[in-house]
There are 2 protein chains.
Amino acid sequence: METTVIKEAGLKVTRPRAMILEILEQSEKKHLSAEEVFQILVDDEEDIGLGTVYRVLTQFESAGIVERHNFEDGHAVFELRQASHHDHLVCLECGQVLEFCDELVEKRQKQVAEEMGFEVVDHSHIIYGRCSACIAKGTA
Amino acid sequence: METTVIKEAGLKVTRPRAMILEILEQSEKKHLSAEEVFQILVDDEEDIGLGTVYRVLTQFESAGIVERHNFEDGHAVFELRQASHHDHLVCLECGQVLEFCDELVEKRQKQVAEEMGFEVVDHSHIIYGRCSACIAKGTA
DNA sequence: CTAATTGCAAAAGCTTTGCAGCGCA
DNA sequence: TGCGCTGCAAAGCTTTTGCAATTAG
């Protein structure tokens with residue numbers, strides 16, 4: 001169990017934190033909302049409050065353990081931070097999230113920003129559309 | 001006054017709608033939150049409710065008159081839709097919003113998405129950082 | 001032991017909505 | 001005149017927070 005990252009963040013290794021980390025590690029869906037994490041905990045019959053889920057996820061974010069993304073549907077999603085940066089493709093039909101990373105786009109956006117006298121700190125690049133499965137499935 | 005666009009959207013030309021459109025057209029700040037639009041109306045001593053501001057902005061969005069953007073600070077901002085597409089640079093220090101559009105980025109992101117079997121419907125590309133004014137101002 | 005952490009529930013934003021009255025066409 | 005629109009206030013949702021009880025180290 002990778003409770004090490006929790007310690008390294010200067011946080012006590014408590015049951016809620018260990019469970020939430022484990023969920024993020026083991027879920028097949030890599031981008032989870034706080035509510036989804038909470039539901040999984042409830043299904044596991046863990047007695048952990050939604051407030052705690054938010055608190056822990058926010059702490060993990062500060063510690064650089066997870067990333068928070070604001071997709072368009074009003075709630076944030078969290079994913080374990082990976083070694084390499086990437087952006088997202090979100091299927092408007094099934095909600096699936098794909099990841100992409102393109103050197104050219106990354107480099108060019110930085111260049112454009114700098115040309116405008118802008119110092120880049122971060123960016124959010126989300127492409128909305130339909131994934132191949134949904135295209136195949138229907139005409140909608 | 002460009003009330004024509006309101007009619008063309010199949011909406012009655014009412015005082016709230018005309019005022020809100022005018023505010024969006026005339027404000028020097030081009031990206032306004034519902035609350036900001038509401039404040040301007042209050043300052044103008046217009047008797048228009050915040051609920052109406054939201055309703056009108058949402059209608060304008062459906063009609064393609066304005067675009068809604070979700071920046072990271074929890075509230076949406078609206079801007080008049082322009083002829084040409086563009087993305088945004090947001091200064092984390094002063095909140096200023098700059099616009100950019102780069103052919104190369106646009107083309108490449110579409111290409112990347114298609115390589116992944118994705119049909120692009122829309123995208124949100126926001127760069128967060130510090131604008132030149134804030135860089136000049138301080139060391140923060 | 002003692003400070004950090006949690007569950008619970010209340011509260012805080014932002015945004016939407018129901019309804020009775022008002023106003024545009 | 002009639003239906004659409006509005007103001008108001010209440011409700012909805014996601015997320016945050018206060019506090020007493022609990023727990024990790």
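We name chains A, B, ... by the order of the sequence lines, and we start the count at 1 in each one. These numbers come from a predicted model, not from an experiment.
A donor and an acceptor atom, one from each side chain of B:His88 and B:Glu79, are located under 3.5 Å apart. Under the 3.5 Å distance criterion, with hydrogens and angles disregarded, no donor-acceptor pair is assigned to the side chains of B:His75 and B:Asn70.
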Inset, instruction - Apply side-chain hydrogen bond (donor to acceptor under 3.5 Å, both in side chains) to B:His125 and A:Gln109, showing your working. - result: CA-CA 10 Å; B:His125 191 170; A:Gln109 80 181 328; 2.5 Å; yes

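Rounded to whole angstrom, the span from the CD atom of A:Glu36 across to the C1' atom of D:dT14 amounts to 13 Å. Rounded to a whole Å, the CD atom of B:Gln59 is 7 Å from the P atom of D:dC5. Atom CZ in A:Phe38 sits roughly 15 Å away from atom C1' in D:dT16 (whole-Å rounding). The OH-P distance, from B:Tyr54 to D:dC8, rounds to 16 Å in whole Å. Between the CG atom of B:Leu50 and the P atom of D:dT6 there is a distance of 14 Å, given to the nearest Å. Atom CG of B:Leu11 and atom C1' of D:dC5 are 10 Å apart (whole Å). The CG atom of A:Asp47 sits 14 Å away from the C1' atom of D:dT23 (whole-angstrom rounding). Rounded to a whole Å, the NE2 atom of B:His75 is 16 Å from the P atom of D:dT15.
Other residues, nucleotides and ligands contribute at most 12 non-hydrogen atoms within 6.0 Å of the CD atom of A:Glu103.
Taking the six-membered ring for Trp, A:His69 and A:Phe78 have ring centres at least 6.0 Å apart. The aromatic ring centres of A:His85 and A:His123 sit less than 6.0 Å apart.
Taking only side-chain nitrogens and oxygens, B:Thr14 never comes nearer than 4.0 Å to OP1 or OP2 of D:dG4.
Of the residues near DNA chain C, B:Val77 and A:Pro16, the one whose nearest nucleotide (by heavy atom distance) lies more toward the 5' end is A:Pro16. Toward the 5' end of DNA chain D, the nearer of the two residues A:Ser33 and B:Arg17, judged by each one's closest nucleotide, is B:Arg17. Judged by closest nucleotide on DNA chain C, B:Thr58 is the one of B:Arg15 and B:Thr58 placed further toward the 5' end.
For DNA chain C, the outermost nucleotides in 5' to 3' order that have an atom under 4.0 Å from a heavy atom of chain B are C:dC14 to C:dA25.
Membership of the apolar cluster around B:Leu92 extends to A:Val121, B:Phe71, B:Val77, B:Val90, B:Val97, B:Ile126, B:Tyr128, as traced through chained side-chain contacts below 4.5 Å between ILVMFWY residues.
With D:dT6, D:dG25, D:dT15 as the candidates, the nucleotide lying closest to the side chain of A:Lys12 is D:dG25.
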